[in-house]
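Since the structure comes first, as structure tokens, the remarks are kept for the end.
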Number of protein chains: 2
Amino acid sequence: MSTIERTLALVGDRWTILVLRAAFRGIHRFDDFCADLGIGRPILTARLRKLVAAGLMERVPYQHHPPRYEYRLTPKGTALSPAIVALVRWGDENMSTTPPTTRLVHAPCGTELEQGFWCKTCAVRFGPTAIRGVPDAAQA
Amino acid sequence: MSTIERTLALVGDRWTILVLRAAFRGIHRFDDFCADLGIGRPILTARLRKLVAAGLMERVPYQHHPPRYEYRLTPKGTALSPAIVALVRWGDENMSTTPPTTRLVHAPCGTELEQGFWCKTCAVRFGPTAIRGVPDAAQA
DNA sequence: CAGACTAAGTTCTGTTTTGATACTTACTTT
DNA sequence: AAAGTAAGTATCAAAACAGAACTTAGTCTG
């Protein structure tokens, strides 16, 4: 099983990306995920467990008396944000029936962000058509 | 159902992204998809139909005598590549057990690409932590 | 201090989706 | 004439999903 196959076995379903995106938006508690996403409780349980096991989220106690836990993104989970942002943006541009209600902006200045590829040798930004896949010679 | 939910209803499963990625890699025919991905034929049939119906791929005849068709990405399908690249790269960095066999490079110069967000006002590249979602006032 | 409430799940049950294997159809090649 | 090829379809068991109700442990309200 290749890396991308393992990646999709983890995040490739209708809910996992939505759960991660909710976490990005500041949702951290079980019932809040349920309410925000309309996800069924058993499925949410399974997804959260999978994400915790994979190290994308962690289950942290936020109160002890009745022990309660919330779910927070780890750096590994946060690192998935370019993929999620790309998906959201593609959706807004290609799948929306109504104008998007939220814009993603550069926090310091409020300008809508652009996403792209960068070549540090040429110091240029470029699009998908200038990508090539090459076999990596640096193998053990 | 929100835009992102509709987006994931379309591409959020274990196979659809893999099919699109195979198409990026130059695979276009039914049996080649099967062999390359190890996907079951009934599932491939369903995925290709869904992708054609959604306008991400098109079914084009490549020979007439026994009528044969192949599947090619449309611009709408190609537009999904930033998301696919982001997923592949996240996988390579976070899910790989062996070093990746393929590097994605800037075609003109061969340098490995970087992916990021860009603010055209500040003219800077930035990472996920500098993103904010703001309600869009420009509604009808 | 009884009753209702809360958060984070679990149980149960029926419906969809998968995944594997085999079969079909219409040609082409040996 | 027999075998091969490409693009599917058919069948069926196993797994995943979805919804509703139930559980558990503790807290708040009258």
Side-chain angles (χ1 to χ4, degrees), chain A residues 1-2 4-23 25-54 56-73, chain B residues 1-2 4-23 25-54 56-73:
Chain A
M1 204 186 199
S2 70
I4 179 69
E5 283 174 296
R6 258 176 300 113
T7 301
L8 286 166
L10 176 62
V11 303
D13 70 281
R14 278 179 60 122
W15 289 114
T16 301
I17 295 284
L18 254 23
V19 169
L20 292 169
R21 176 167 163 271
R25 302 203 332 271
I27 289 168
H28 300 294
R29 298 185 185 175
F30 194 93
D31 281 12
D32 292 340
F33 281 111
C34 279
D36 186 80
L37 301 174
I39 185 175
R41 296 169 155 274
I43 304 121
L44 178 60
T45 301
R47 289 301 170 278
L48 289 174
R49 252 199 253 289
K50 200 167 160 181
L51 288 170
V52 169
L56 303 212
M57 299 190 89
E58 53 187 352
R59 184 167 179 267
V60 301
Y62 67 87
Q63 101 182 8
H64 290 281
H65 272 306
R68 290 292 140 82
Y69 299 89
E70 59 182 18
Y71 295 87
R72 294 195 164 268
L73 291 165
Chain B
M1 204 184 200
S2 71
I4 180 67
E5 283 174 298
R6 259 176 300 113
T7 301
L8 286 167
L10 176 62
V11 305
D13 71 282
R14 277 179 60 120
W15 289 114
T16 301
I17 295 284
L18 254 23
V19 169
L20 292 168
R21 175 165 163 272
R25 303 205 328 272
I27 289 168
H28 300 294
R29 298 187 185 174
F30 194 92
D31 281 11
D32 293 340
F33 281 111
C34 281
D36 185 80
L37 301 175
I39 185 176
R41 297 170 152 275
I43 303 120
L44 177 60
T45 302
R47 289 300 172 280
L48 290 173
R49 250 199 255 290
K50 201 166 158 181
L51 287 169
V52 169
L56 304 213
M57 300 191 88
E58 52 187 353
R59 185 168 177 265
V60 301
Y62 68 87
Q63 101 181 8
H64 290 281
H65 273 306
R68 290 291 139 83
Y69 299 88
E70 60 182 19
Y71 294 86
R72 293 194 164 269
L73 290 165

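Just so it is clear: chains get the letters A, B, ... in the order the sequence lines come, proteins before strands, and each one is counted from 1. Everything numeric in this text was worked out from a predicted model, so none of it was measured.
- In summary, R72(B) and E58(B) do not engage in a salt bridge, as defined by a charged side-chain N under 4.0 Å from a carboxylate O.
- In this structure, F33(B) places its CZ atom 15 Å from C1' of dG8(D), rounding to the nearest Å.
- Atom CD of E70(A) is separated from atom C1' of dA8(C) by 13 Å (rounded to the nearest Å).
- Atom-to-atom, CE of M1(A) to C1' of dG19(C) comes out at 13 Å; the value is rounded to the nearest Å.
- At least one side-chain heavy atom of L51(A) sits under 4.5 Å from a side-chain heavy atom of T16(A).
- If you check every strand for non-hydrogen atoms under 4.0 Å, Y62(A) touches sugar and phosphate atoms only.
- Across every non-hydrogen atom of L20(A) and L56(A), the tightest pair is CD1-CD1, 4.3 Å.
- Contact record, K50(B) with A9(B): NZ-O, 3.1 Å, taken as the closest heavy-atom pair.
- Checking I43(A) against R29(B), the closest nucleotide of DNA chain D that is more toward the 5' end is the one next to R29(B).
- Taking atom NZ on K50(B) and atom C1' on dT17(C), their separation rounds to 10 Å, with Å as the unit.
- Summarising the geometry, the separation between OH on Y69(B) and C1' on dT5(D) is reported as 17 Å, rounded to the nearest angstrom.
- R59(A) is listed as a side-chain neighbour of Y71(A), based on a closest heavy-atom distance under 4.5 Å.
- Side-chain nitrogen and oxygen atoms of R59(B) include at least one within less than 4.0 Å of the OP1 or OP2 phosphate oxygen of dG8(D).
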Protein and nucleotides 27-30 of chain C: nitrogen or oxygen contacts under 3.5 angstrom:
from, atom 1, to, atom 2, distance (Å)
dC27(C), OP1, H65(B), O, 3.3

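- Map D13(A) and P42(B) each onto its nearest nucleotide of DNA chain D; the residue landing nearer the 5' end is P42(B).
- Note on R47(B): a side-chain N or O is less than 4.0 Å away from OP1 or OP2 of dT18(C).
- The distance between atom CG of L8(B) and atom C1' of dT17(C), rounded to the nearest whole Å, is 17 Å.
- Using a 4.0 Å heavy-atom distance criterion, R14(A) is classed as making no nucleic acid contact.
- In this structure, R47(B) is not positioned above the aromatic face of F33(B) in the sense of NZ or CZ being under 6.0 Å from the six-membered ring centre and within 45° of the axis.
- Between L18(A) atom CG and dC17(D) atom C1' the separation is 15 Å, expressed in whole Å.
- Residue E5(A) contributes atom CD, which lies 11 Å from atom P of dG19(C) at whole-angstrom precision.
- Contact between the side-chain N/O atoms of R41(B) and the OP1/OP2 oxygens of dG19(C) is not found at any separation under 4.0 Å.
- For the OP1/OP2 pair of dA18(D) and a distance below 4.0 Å, the side-chain nitrogens and oxygens of W15(A) include at least one atom meeting the criterion.
- In this structure the side chain of R29(B) reaches within 4.5 angstrom of the side chain of Y62(B), judged on heavy atoms.
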